[in-house]
Number of protein chains: 2
Amino acid sequence: MNTLSYGLLSLLTKNSRSGYELMQHIQPFWSAKHSQIYPLLAQLEQKGHVAFVHVPQSDKPDKKVYSITEQGKDALRGWIAEPTDEPVTRDELSLKVYCIGLVDKEQARKMLAVREVYYKKKKERFNLLMDKIQQGSEKPLDQLEIGDDAFGMYVLVHKATMKVDTDLYWCEWMKEKLK
Amino acid sequence: MNTLSYGLLSLLTKNSRSGYELMQHIQPFWSAKHSQIYPLLAQLEQKGHVAFVHVPQSDKPDKKVYSITEQGKDALRGWIAEPTDEPVTRDELSLKVYCIGLVDKEQARKMLAVREVYYKKKKERFNLLMDKIQQGSEKPLDQLEIGDDAFGMYVLVHKATMKVDTDLYWCEWMKEKLK
DNA sequence: CTCCTTTATGTCATTATTGACATATAAACA
DNA sequence: TGTTTATATGTCAATAATGACATAAAGGAG
């Protein structure tokens, strides 16, 4: 079973969700398209790690809502105990920046400006996410502990916010360099 | 032509390198194995974007040293002008942290400790890289400008250093949370 | 003298991921 | 009324990336 499969199981420990919802919620932490997720859910279902029910909706198309089974939780615990793969990052921008001397300052500034907009939008999304976590929690977020349901999500969004702040700081620094 | 191919061309704008060296030098910014790089280099050679010479070595096995051609540089400039793909990050740890409540504090701490060691080693490597860039530069690094040969590498390693510092800061923060 | 590691290049099967195609419901908009 | 957007699920071909296999030269450790 691949990493994304375990990632889907991870999400399902908190809420039962449809494939579409899983796709939306896993995006910030593991980019994947629906064309990858639907087949994996079918696999997980065949193995008995998840189960689903058809949920009719009046305002939207019907959906299949998946839940994790006890067997799925066992598989998850086994996976967490195993050694963790190193993170993989692939950023086309870094390859372009490496040979940025090939183009003029103006083009370089534009390239960086596009990325800055991307980071700002991302930061905005993480801020909204953090608000949503706070709304669903009785405790103030900085008092959450490992046993609390929202703990994992909180510390991850905190990490993501720290990262995007660093990225934005670098953008500012680069603007100075390209003045 | 895929992004990695352009990445290889990017590296070759600064130095002529063998496939093995390219693999080592592109790693910090785009993870790729030799089994992906060698076929791409053959492709690039067929298209006339790079050329190579056999270089015999006495202390090590002989190698093929690739250089970028004028045609390759033109291709690179075209690629830089195109819209840049958004960065892709896949970190198995984040998926595990999401459902960290499934395991006890001790196991969680161990998992994070392994990652912290990874970040520290990475930071050490970037420090060495920065030293090496300084050694090859006449100017102090903070005075480098877009026209300077080492500029791209310098700003990238600076970004990477900022990122790994943020990651290490998060690890410290997590240690407090898991006390 | 043998084993291990690093350097060095390559192929190939498998897996992971994307992008295109396909279909359908419902709301919003013009 | 027709168009677009978001929701929702799915398949399949093509591409990207990895892991295993293969070979070889040179140096160092034991």
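All chains are named by letter (A, B, ...) in the order of the sequence lines, taking the proteins before the strands, and each is independently numbered beginning at 1. What you see below is based on every heavy atom in this structure, not just the backbone, and it leaves out hydrogens, waters and symmetry mates. Everything numeric in this text was worked out from a predicted model, so none of it was measured.
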A/Gln46 CD - D/dG10 P separation (whole Å): 13 Å
Value rounded to 0.5 Å, distance of NZ in B/Lys96 from OG in A/Ser10: 9.5 Å
message: Whole angstroms only, please: what is the NZ-C1' distance between B/Lys63 and D/dA24?
response: 17 Å
message: Between C1' on D/dG19 and CG on A/Asn2, what's the gap in Å once rounded to a whole number?
response: 15 Å
- prompt: Is the number of heavy atoms from other residues, nucleotides or ligands within 6.0 Å of CD (A/Glu172) greater than 12?
  reply: yes
statement: Per the under-4.0 Å heavy-atom filter, residues of residues 19-38 of chain B near DNA chain C come out as B/Gly19, B/Tyr20, B/Gln24, B/His34, B/Ser35, B/Tyr38
- prompt: Once you round to the nearest 0.5 Å, how far does CZ of A/Phe29 lie from CG of B/Leu95?
  reply: 9.0 Å
- prompt: In whole angstrom, what separates B/His54's NE2 from D/dA24's P?
  reply: 17 Å
- prompt: More 5' along DNA chain C: B/Lys64 or A/Thr3, using each one's nearest nucleotide?
  reply: B/Lys64
message: Can a donor-acceptor pair be found, under 3.5 Å and without considering hydrogens, that links the side chain of A/Lys159 to the backbone of B/Asp167?
response: no
statement: Whole-Å distance, A/Leu44 CG to D/dG10 P, equals 13 Å
- prompt: Do NZ/NE/NH1/NH2 and the carboxylate oxygens of A/Lys73 and A/Glu70 come within less than 4.0 Å?
  reply: yes
task: Over 60° means perpendicular and under 30° means parallel, so classify the ring planes of B/Tyr66 and B/Phe52, tilted if in between.
output: tilted
message: With a 4.0 Å cutoff (strictly under), does any side-chain N or O of B/Arg90 reach OP1 or OP2 of C/dT17?
response: yes
field: side-chain contact (heavy atoms from CB on, under 4.5 Å) partners of B/Asn15, counting only residues at least two apart
entry: B/Arg17
query: Under the salt bridge (charged side-chain N to carboxylate O under 4.0 Å, His left out) criterion, do B/Lys121 and B/Glu124 qualify, and how do the steps go?
result: CA-CA 5 Å; B/Lys121 277 183 191 164; B/Glu124 207 36 60; over 6 Å; no
- prompt: Would you call A/Glu106 and A/Arg109 a salt bridge, using N to O less than 4.0 angstrom?
  reply: yes
- line: Whole-Å distance, A/Leu4 CG to D/dA17 P, equals 16 Å
Which atoms of nucleotides 23-30 of chain C (N or O only) lie under 3.5 Å from a protein N or O atom, and what are those distances?
| residue | atom | partner | partner atom | Å |
| --- | --- | --- | --- | --- |
| C/dA26 | O3' | A/Asp59 | O | 3.2 |

- line: When rounded to whole Å, the CG to P distance for the pair A/Leu8 and D/dT9 reads 13 Å
- request: Can you tell me the distance, in whole Å, between the CG atom of A/Leu41 and the P atom of D/dA8?
  value: 14 Å
